[in-house]
Amino acid sequence: MARLRGRGFAAVNYPTGMNLGGDPSQALIHSTTTGTFVITLSSVDLGQGLKTVVAQCAAETLGLPLEMILVDTADTDTGPHCMGTFASRGTHRVGNAVIMAAREAREIMLEVAAEELEVDAADLETDGTGFIKLKGSEEKKIHVVDLALAAHFKQGKTISGRGIFLKPKSEPVPETGEMDPDSCQAHACTVAEVEVDDETGIVEVLNMYNVYEMGRALNPAMAHQQIVGGAWMGISHALFETTEPYYPDRAHGPTDYSEYLMPGPADLAAMESVILERPAANGPYGGKGIGEMTANSPIPAIANAIYDACGVRVESMPFTPEKILRGLDALRTANA
Amino acid sequence: MPMRLATIDADYFADERDADLQVVGTPAPRADARGHVMGQTQYFEDVHYPGMTHLKMHRSTRHHALIRGVDTAPALEVPGVLRVLTWRDVPNNWYTILRLIGVEPDDEPVLAEDRVLYMGEPICAVVAETEAAAREGASRIRVDYEELPAVFDVEEALRPETIVVNPRHGHNYFTYEGHNCRRIRFGDIEKGFAEADQIFEFTYQSSPIEHAPLETTGCIVKPEADGRLKIHSDTQACYFTLDNTALTLGIPFNRLRVIGGTVGGGFGGKVDVMVEPIACIAAQLTNRPVKYVYSRAEEMQVSSPRAAERIIIKDGVTNDGRILARKITLYVDAGAYSRHSPYGTTKAAAHMPGPYTIPNVWVDAYCVYTNRTPSSAMRGFGVTIADFALESQMDRVAKALGIDPLVMRLQNAYRDGDMKAHRKLVEGAALIEVMQRAAELVEHELPAAYRAMSSTDGRGA
């Protein structure tokens with residue numbers, strides 16, 4: 001009896017946005033008199049960090065620090081329409097809508113500043129700390145807080161902007177399947193290293209190496225969290241999970257977490273990840289969606305590593321100890 | 001366990017990256033992280049209203065049966081039970097979630113009428129003063145069934161002699177513009193096989209998978225003084241929920257308000273609009289706040305899972321590893337109703353034949369109805385299981401031909417300017433580069449010609 005080690009590769013792509021498009025999202029942005037810009041949405045942050053990345057996009061576009069941005073979302077009485085958070089669309093759709101809104105607001109912000117500073121708006125720049133200043137000058141500047149007050153109480157202007165992103169719906173050609181399904185494609189290659197116990201059939205994922213190309217990592221820490229969290233789900237899909245363990249038989253369906261098996265923290269592989277960036281022309285600052293795809297390449301990488309380790313080709317998910325042992329038995333019979 | 005933040009390798013595509021960004025590209029802390037860690041995040045269940053009532057469902061105990069009769073009287077005898085709702089209480093009982101983007105037909109009832117198509121299908125909703133009373137009431141409802149044969153296998157479901165699962169479709173597949181499947185036809189598949197040195201055909205299978213959110217699906221509905229309904233929900237899509245709910249209730253959209261935005265795990269499991277419509281009807285009929293939350297068992301066995309898929313891939317290849325033809329037959333087990341599966345099946349077809357440039361491609365992707373819990377959206381559906389099949393297949397073929405698994409992929413990898421099987425030109429490709437970088441990461445030796453390849457070099461073919 002032995003613990004057999006193997007390595008497997010998988011390389012994948014993944015589409016950004018609702019398949020076939022037709023999935024708009026809107027954003028509104030306005031400055032309150034505190035100089036804070038409020039982004040109003042109806043989008044849902046599932047915990048992947050949508051609120052954070054769209055705030056970063058707004059801060060980048062406005063040229064203001066992140067602390068000057070607030071996100072107010074997910075109330076249909078106040079927030080403009082969003083199709084929803086799914087299909088790796090949130091960052092791409094909502095990010096683009098927010099950038100469009102912030103561009104409009106920035107233009108007005110610069111006009112208001114130009115009037116206060118008695119200069120041409122085209123000669124102004126933002127310094128990233130909250131000041132709008134005359135290019136090449138350290139004296140001619142105004143802070144966004146003063147600017148917001150001046151806009152409201154002196155100039156009678158709102159500093160606001162509207163944004164929307166819509167990829168028009170594509171209709172597939174029934175005979176050929178010709179269609180325009182996606183906005184862009186992100187890419188990944190996963191290498192899994194596993195150990196198969198040929199006595200118990202248990203597969204352990206020892207190491208996982210991930211290389212992702214995601215256009216632009218708008219927030220590298222959250223991108224990393226997506227990669228690790230998704231890899232965990234991929235490991236779980238590959239080795240543990242199903243609501244119908246004897247599919248297509250409906251029997252023995254688990255009804256709680258003591259019966260529905262998932263890996264614990266100790267089952268998570270050691271991971272090393274690298275991000276490549278090839279900005280998408282239609283992405284927010286080049287960003288593509290990677291929310292969903294991070295669970296994908298780990299599964300075949302593990303399947304291929306199992307084969308490399310012990311010669312068993314797993315054809316059905318999940319790759320349970322029973323299937324590994326039956327595969328090993330079949331190999332022994334074939335070799336006998 | 002070593003866990004380092006992912007590194008960004010700026011050497012790749014250096015001339016395409018804008019290096020002059022200030023806020024984008026920084027690891028700003030996640031807006032909600034501190035609240036989660038401190039236990040201060042407010043979820044929909046943290047909303048409390050005086051006089052809140054609770055809704056529990058009586059569900060089918062059969063996989064496939066006609067309903068001969070329903071006796072709700074025993075439920076009403078339970079102290080605290082206020083009301084039992086049946087399909088007659090639902091203004092527009094028939095729907096399909098994707099009617100919002102034009103998908104037809106409406107193939108699912110909010111509450112079962114004359115039949116049930118899967119075990120766990122909702123039949124009656126019991127509204128009570130307490131959760132315990134609602135649960136007790138639901139358990140006392142008696143349903144008289146006449147059992148029908150149940151269909152569990154996708155290929156059995158497609159045989160002409162098999163009983164029809166969902167009468168609204170009339171057959172056990174979703175119809176795509178007159179076809180029994182979503183098709184891709186590119187090149188000449190038979191010519192490709194004829195020119196191939198070898199043919200490899202394998203079948204891949206998955207089983208249904210649960211989203212397993214920590215927070216189960218649910219909502220709280222509060223009738224407001226102005227007659228509108230305020231819905232606190234953990235939906236992934238506030239307007240999807242609002243629009244579908246208003247259509248089911250038969251009221252103007254502006255009579256509803258959805259408040260959400262905090263979700264204790266979604267993964268696609270919270271875009272089905274399963275709880276809000278019936279909770280709204282209960283709130284209308286009782287004029288009381290109503291809470292309807294799935295139990296863990298309901299979340300695992302009744303809420304939509306990731307579809308089981310069966311994928312058959314047949315490849316025609318040359319001895320040096322070029323794929324000349326790839327024929328794919330794919331079955332998505334939609335369960336009893338459409339939900340998001342017709343969409344997911346098209347997405348699967350669009351994903352084929354994977355990120356490879358293959359001159360002859362033929363795909364038949366079937367969305368198949370069976371007597372199991374309807375499957376629906378889950379993280380990457382249409383693609384996740386396809387990738388398991390495609391990338392297992394690539395390894396098997398490479399192994400059989402005696403070619404390095406990465407070399408086999410690099411040889412066939414799509415590049416800018418290639419034509420995909422769904423006739424869209426490839427742009428922004430980076431498959432070659434992620435493989436090259438992965439090889440470097442694990443010190444997997446690649447021949448120089450493969451290290452020098454680039455996604456930006458057109459094949460020129």
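Here is the naming used below: chain letters follow the sequence lines, and residue numbers restart at 1 for every chain. Below, all heavy atoms of this structure are taken into account, side chains as well, without hydrogens, waters or symmetry copies.
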Toward chain A, the part of [X] with a non-hydrogen atom under 4.5 Å:
{"X": "B/Val271", "result": "side chain"}
{"X": "B/Ala438", "result": "both"}
{"X": "B/Ile311", "result": "neither"}
{"X": "B/Pro208", "result": "both"}
{"X": "B/Arg17", "result": "both"}
{"X": "B/Ile101", "result": "both"}
{"X": "B/Phe388", "result": "both"}
{"X": "B/Ala212", "result": "both"}
{"X": "B/Thr203", "result": "backbone"}
{"X": "B/Ser233", "result": "neither"}
{"X": "B/Leu242", "result": "side chain"}

In terms of side-chain geometry, is the basic nitrogen of B/Asp32 or A/Lys51 positioned less than 4.0 Å from the acidic oxygen of its partner?
-> no
Less than 4.0 Å between a side-chain N and a carboxylate O, is that true for B/Arg306 and B/Glu210?
-> no
Which portion of [X] sits near chain B, non-hydrogen atoms under 4.5 angstrom:
{"X": "A/Gln226", "answer": "both"}
{"X": "A/Leu64", "answer": "backbone"}
{"X": "A/Met179", "answer": "both"}
{"X": "A/Cys82", "answer": "backbone"}
{"X": "A/Val314", "answer": "backbone"}
{"X": "A/Phe240", "answer": "neither"}
{"X": "A/Ala87", "answer": "both"}

Give the member of B/Lys399, B/Met394, B/Glu391 that has the highest number of heavy-atom pairs under 4.5 Å with chain A.
->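 Among B/Lys399, B/Met394, B/Glu391, the one with the most close pairs to chain A is B/Glu391.
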In terms of heavy-atom pairs under 4.5 Å with chain A, which of B/His36, B/Met435, B/His179 leads?
-> B/His179
Would you say that [X] contacts [Y] through its side chain, given a criterion of any heavy-atom pair below 4.5 Å between the two side chains?
{"X": "A/Leu276", "Y": "B/Arg437", "answer": "yes"}
{"X": "A/Asp308", "Y": "A/Asn304", "answer": "no"}
{"X": "A/Leu50", "Y": "B/Arg30", "answer": "no"}
{"X": "B/Val426", "Y": "B/Lys420", "answer": "yes"}

CD1 (A/Ile290) and CE (A/Met222) are apart, to the nearest 0.5 Å, by 10.0 Å
Quick one about [Y] and [X] (side-chain donor to acceptor, distance below 3.5 Å, no hydrogens or angles considered), yes or no?
{"X": "B/Gln236", "Y": "A/Thr85", "answer": "no"}
{"X": "B/Arg182", "Y": "B/Thr346", "answer": "yes"}
{"X": "B/Asp333", "Y": "A/Tyr247", "answer": "yes"}
{"X": "B/Gln301", "Y": "A/Thr255", "answer": "no"}
{"X": "B/Tyr414", "Y": "B/Ser455", "answer": "no"}

Residue, of A/Gly47, A/Ser42, A/Ala303, A/Gly84, that accumulates the most heavy atom pairs under 4.5 Å with chain B |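 Result: the option with the highest number of such pairs is A/Gly47.
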Pi-cation contact, B/Phe202 with B/Arg396 (under 6.0 Å, within 45°) | yes
